[in-house]
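Have a look at the structure below, then the notes.
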Amino acid sequence: MREIPHFTLALFLGGILACGVAREASAHPHVWVDYYVEAVADKQGITKLKFRWHFDDMFTSMVKEDFHIRSIGPKEIETLRDGAFGNLKNYHYYIYLKLDGKDFEPQTTSDFGATMTKLNLEYTFTVNLPHPTRKLELSLYDPEFYVDVGPPIEKMSPDAPGIMATTKMKPKDFLSSSAEAGAKPPTCAWHQGEPRVSATWGKFAVFNVTCEAQ
Amino acid sequence: MRAISIKKFVGFIICLIAMVVIFGDVAFANPFISGRPSVVNASFMGAFATPFLQQILALQTHIHQAITQRIEALKEGQSLAALWGLLLISFGYGVFHVLAPGHGKVIVGSYFLGNKAEWRDGVWAGFLMAVGHTITAVGIVAVLYLAFGLGQFAVLNDARYMELLGYGLIAAIGLWLLWRALRNEPECAKCGHHHHGHKHHHAEAVEFIEEQIKKPSTGLFAAASLVPCTGSMIILLFTLANDVLWAGILAVIAIALGMWLTVSAIGIGSMLLRRAMVGDGEHVGRARRKLTKVLRTLAALIVIATGSLLFAGTFYSMMG
């Protein structure tokens, strides 16, 4: 019976290795989203976040063809909302929020809209906060990395592919804020966030946004 | 050495199924259209350093943009520079897959760790995977999209049946490899290097291929290449939408060539690792024989676990 320890060890190592592999096999993003966000405040605090999602050319091309979209009107917006957006509810739209220190994952959105340029589809929608908030923290990511969602990154020149070109990433101009009459717009800033743990990949960093009501 | 009993083997398979049910939870559906999040949190993957992952993601974004822009440039004006750029980047994409390992490399790596082989077996493995990969991607797009007229998301979704088939075959061949390993049967029963008595007029290459086809590894690598690569299919669909399908096919071939390079290198690498551990001569001595058996068993286990976990993951995501 001296073979048993070897056998058990082999089973254990093989299992660990294969689990890792299984996780990683799904780790290629196939949809890319640049997000832009506007924080809106009233006199009590921040009340909603208006998002704009800018899609990559390939996803746009697929949506255009599959949903038979040439130009966008009210009918197309409804089609897209039901067919190529609604299911994200299951993923709480990849939005992770902390409202005055408390976690919040949105279950609904409002004001869904869509526009189409020649190459790129864009969605707009609003997340209404459950209560006016003095300070919020926001980050967007897909822990499974099927969708690479994040702020637009400055200068990703396609003419110099390679690891060298990707050493430092910096988001650009994706934050704005506004206020209803009589209130002041909140101040927003981004920073490299705390590393998070993904089921697929382990630790990774995201860009976090902090907004404070004035 | 005692060969394993059927009872033990069945016990092992039950353990394996339990493991698959627990861990096999990988989502592949496009979340915009369908699917639910994967809930298992495998914290042992936490070893990955943050900057490394950030680099890989940035690099993937980069490659994606570069490929997209070259295809769009080709649609506009057929520039030769754009074509070369596309092929070069696609080749790099194929090579680069090693940083985010798919199942193929793991299977080749573990097989050559566990079984005695020569360097050209590794090259053969890479070749099989590269060719199979291209045929699968082009075939699925041709049949589902062009012949059956399915939508693009539906093509990617239905390609998962092919994935299921590939993973199932991998797991089945893995079980067979394990069975043979545990019973101390020779790695390949039909092929041997001892029948050089009668001279035949085959070229050496033909003889090599004939020999290879008899091996279980060829079935294994062929099964692995049945699993379609979503990235390649998306490129093909995008070139179709831009009326430059020919460029898409060339790009997929370039990806396959890149993969050939990487897969061969991994095969040869694990072959060398094996030689360092057990040597490549006849395995004499009890300790060495034992180590050989452990390696062989381990290789089969990795193959089984990879195939069955991915099978279960794909199956679950299709149910959801």
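Quick note: numbers below take in every heavy atom, side chains included, and nothing from hydrogens, waters or symmetry partners. Chain identifiers are assigned alphabetically (A, B, ...) following the order of the sequence lines, protein sequences preceding nucleic acid strands; residue numbering begins at 1 within each chain.
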Picking from A:V31, A:D66, A:V63, A:D57, which has the most non-hydrogen pairs under 4.5 angstrom with chain B? A:D66
With A:F55 via ring-ring contact (aromatic ring centres under 6.0 Å, His included) - residues at least two apart: A:F59, A:Y123, B:F32
Residue B:Y145 versus chain A: region with a heavy atom under 4.5 Å: side chain
Given heavy-atom pairs under 4.5 angstrom as the criterion, report whether the side chain, backbone, both or neither of A:D148 touches chain B. side chain
How about A:F125 and A:W53: are their ring centroids closer than 6.0 Å? yes
Ring centres under 6.0 angstrom apart (A:F174, A:Y35): yes
Part of B:L156 within contact of chain A (heavy atom distance under 4.5 Å): side chain
B:F91: partners by ring-ring contact (aromatic ring centres under 6.0 Å, His included), with sequence neighbours left out: none
Could you go through A:N120 and A:D56, starting from their C-alpha distance and side-chain angles, then the distance that decides it, and tell me whether this counts as side-chain hydrogen bond (donor to acceptor under 3.5 Å, both in side chains)? CA-CA 6 Å; A:N120 299 100; A:D56 70 280; over 6 Å; no
Measure B:A154 against the heavy atoms of chain A and call it side chain, backbone, both or neither at under 4.5 Å. backbone
